[in-house]
Amino acid sequence: MGLLSASQLALRAVRCYLSPFPASKSWLCTKASLLGDQNILLMGPPGAGKTTVGRIVAHRLGLPVVDVDDDVLEKTWRMPVAAKLAAIGGERFLEEEGQALCNFSASGCVVSLSGSNPLHTASMHHLKESGLVIYLDVDSEDIIQRLTRMKVNRIVGQEAGVSMRDILRYRKQFYEKWLDLRVLCGTGDTVEEVAEKVLKAVERYQNHAAETYVSTRSDSEASSNHKTYFSDVVVEGLATDGGLYVPRNGFPNIDAREWLRLIEMSYPERALVLLEKCIHPLDVSALDLRTMIFKAYGSNFASESVAPVKHLIRNQYVQELFHGPTASFKDLALQLMPQLFAYCLPQMCNYLILVATSGDTGSAVLSGFSRLSGADTHRTGVLVFFPEEGVSEIQKLQMTSFKEGNARAVSVRSDFDFCQRSLKRMFGESGLTGHLAVEYATVLSTANSINWARLLPQVVYHSSAYLDLCRDGVIRFGEPIDVCIPSGNFGNAMSAVYAKRMGVPIRKVICASNHNRIIADFIATGEYDLRGRPLMLSHSPAIDILKSSNLERFIFHVSGGDSRLVKELFTRLDRQQSFQVAEPLLGRIQQEVLAGWCSEDDCLAAIQSVHAQTGYLMDTHTAVAKVVADRLQDGSCPAVLCSTAHYGKFAPAVFKALQIQNIPEDPVEQLKKLGSTASRPETHRDMMRCLEDSGRRGHAVCQAEYGVLVEEVENMIHDSFLKVM
Ligand SMILES: *Cc1c(COP(=O)(O)O)cnc(C)c1O
């Protein structure tokens, strides 16, 4: 069925032909014990509890236990480890310890490593081959306290002038490098609790099939035979039955002590811990995930905190989601998603993402894919079509700065609908998709906001907002907040609902619409009705949306996974342009979210008055959230407004709101002028740079003919991807 069938078929054909599946999916799993003859290797700093936890775990599993210090090193050296260290010094100690471990072999054991093993590469390679490395991730301050209490006064690396904190910080990178699984230990966790977490982690590792995905419309009987893994979901985007993918068993719940650990972490560290919990390590290994996350949320963001939360006024805070390279919140997902996508692709299969856009998606997708590196750039590309007259000047300049390589934008002398229709036609034309598959091993795909890999990273910034408020002393962990989100396709709002499900104490998710208020009406009445509802232009074009695609996930969620109902509702929406939900479901929807809408005048007035009162300049989408929050939030807890774009991106409307006459022609001058008007936030570094560069170059505009667009696709494939044979 549906839009993607031809390309999905092509994908399956290429996949079967070239590469059955990733080799690593089922290397363990025997019934006799949890891990067959694999070891469970516990790793962590001194004082993490490796020995004690190892004994408990071994006892629970009925396995032998090996303590590297006592059973390997002391036996080999015939002297206590501390004496050895004192005798030969840290450097030689590490070497001799490594040597001893290279000769060590065991199977089916619980092995408690020493704190310093992971600093020796060869021995860790050897050990890692024998089983699963589990990192007992304990807070450094807890470690320091324990070591003081245990009167440990000599560990490797400790010498005059080097603090224990420095040693622990230095070691962390090695633990992060070798781990297969992280066990995040909270302050106050008992050894029994940590052992329990270890057992759960091992069980999770083994039970990969528990972390499969289902379609929101799937008949669960039928789909239980066919397993869809994370990598399938990322590559396929939409399910074949037209539904959206969701995790079969929902989201992991994270306990309060673990959340407390996250408070002191940086954004990428938080992202890593949270996404490790949502992506099975056999889909993406912890080390690969780490590499991707640190690349996604690094110096490409102008703010080191990535998604900082700033106080606005009274109990209202703004979370600035616009510090990424293209100045909208879409960067938070799209700096990571292309890396996950390239990682999950079947080997040797080229992928070309086609996007039709009239807004922020284009530049964010281009930026994300252009940052791929190595072989990925030769097999993963993106081609964006946008209407020459249908996007703002700034968006156009952002997109046309991508002209070559694996990420390109093409301007079309027509409207958005033409671009969209042409792409749908390409996806549906089996002659074309077949030709591309055979000739170039290339599959066409989309990267739209329903893709799971776009939704999942957004859970992190909602969590991060809450953690920042805890860190800054605005709330104590456990106290509620509300979040208010300008909503179009409901992806951002849905991620907040998922963050809440993971244990973030979000009280209400407040959805804010502009005068295209279909979501607000639906949440008020239960009726979703497209009839007699033309799309109206607005000052907040990114939420000018009537078919809110992620709403399907929301209904699936609040109905407790009722895929029959979801299928019925959305089939009716396709056929009759409307559907209605009744009590008690409507009540459950209203329990979870509040919704309101904001008129055009109110939006501009809010920009003006917030600027006058605070000096803070909001973009139009943020202003929509502000107006709705003022109306619906009762002030009894902090409210976080999602600021989804930098004000510079919607400069003309912001000028209008501020009633500034004499608006400069040149977009660069516009940004400078707004920048000098606003005391906060600062001008957007990358937007400015991009405009300065690309404003001086022109760009080609192609004819509004289907054949011409197809030619652009072929040209791009031709000079970006290797030809098969
Ligand atoms: C895409 C976008 C939105 C809408 O987000 P959804 O996840 O589709 O609800 C809001 N604001 C801006 C600036 C956007 O670019």
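Start at 1 and go down the list; that is how both ligands and their atoms are numbered.
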Are side-chain heavy atoms of Phe522 and Glu527 found at a separation under 4.5 Å? no
For residues Thr216 and Glu552, is any side-chain donor paired with an opposing acceptor at under 3.5 Å? yes
How far is [atom] from the closest protein heavy atom, and which atom is that?
atom	value
atom 9 (O) of ligand 1	Gly488 N, 2.8 Å
atom 11 (N) of ligand 1	Thr644 OG1, 2.8 Å
atom 8 (O) of ligand 1	Asn489 N, 2.7 Å
atom 7 (O) of ligand 1	Asn492 N, 2.9 Å

What orientation do [X] and [Y] show, parallel under 30°, tilted 30 to 60°, or perpendicular over 60°?
X	Y	result
Trp452	Phe251	tilted
Phe230	Tyr213	tilted
Tyr528	Phe579	parallel
Phe554	His557	parallel

For Ile543, which part has a heavy atom under 4.0 Å from ligand 1: side chain, backbone, both, or neither?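 The answer is the side chain of Ile543.
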May I ask you to decide if Lys649's main-chain N or O and His684's side chain share a donor-acceptor pair within less than 3.5 Å?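 No.
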If we ignore hydrogens and angles and just use 3.5 Å, is the side chain of Gln316 paired with the main-chain N or O of His311 as donor and acceptor? no
Sub-4.0 Å heavy-atom contact, Ala493 with ligand 1: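 No heavy atom of Ala493 comes that close to ligand 1.
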To which of His621, Lys330, Gln458, Arg454 does the heavy atom nearest atom 15 (O) of ligand 1 belong?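 Looking at heavy atoms only, Lys330 sits closest to atom 15 (O) of ligand 1.
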Heavy-atom nearest option to atom 3 (C) of ligand 1, drawn from Phe650, Phe490, Phe329, Phe322: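 Considering heavy atoms of Phe650, Phe490, Phe329, Phe322, the nearest to atom 3 (C) of ligand 1 sits in Phe329.
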What atoms of ligand 1 come within less than 4.0 Å of a heavy atom belonging to [X]?
X	answer
Ala645	13 (C)
Asp360	12 (C), 13 (C), 14 (C), 15 (O)
Gly491	6 (P), 7 (O), 9 (O)

Heteroatom distance test (Ser487, ligand 1): nitrogen or oxygen, under 3.5 angstrom: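 There is no such contact.
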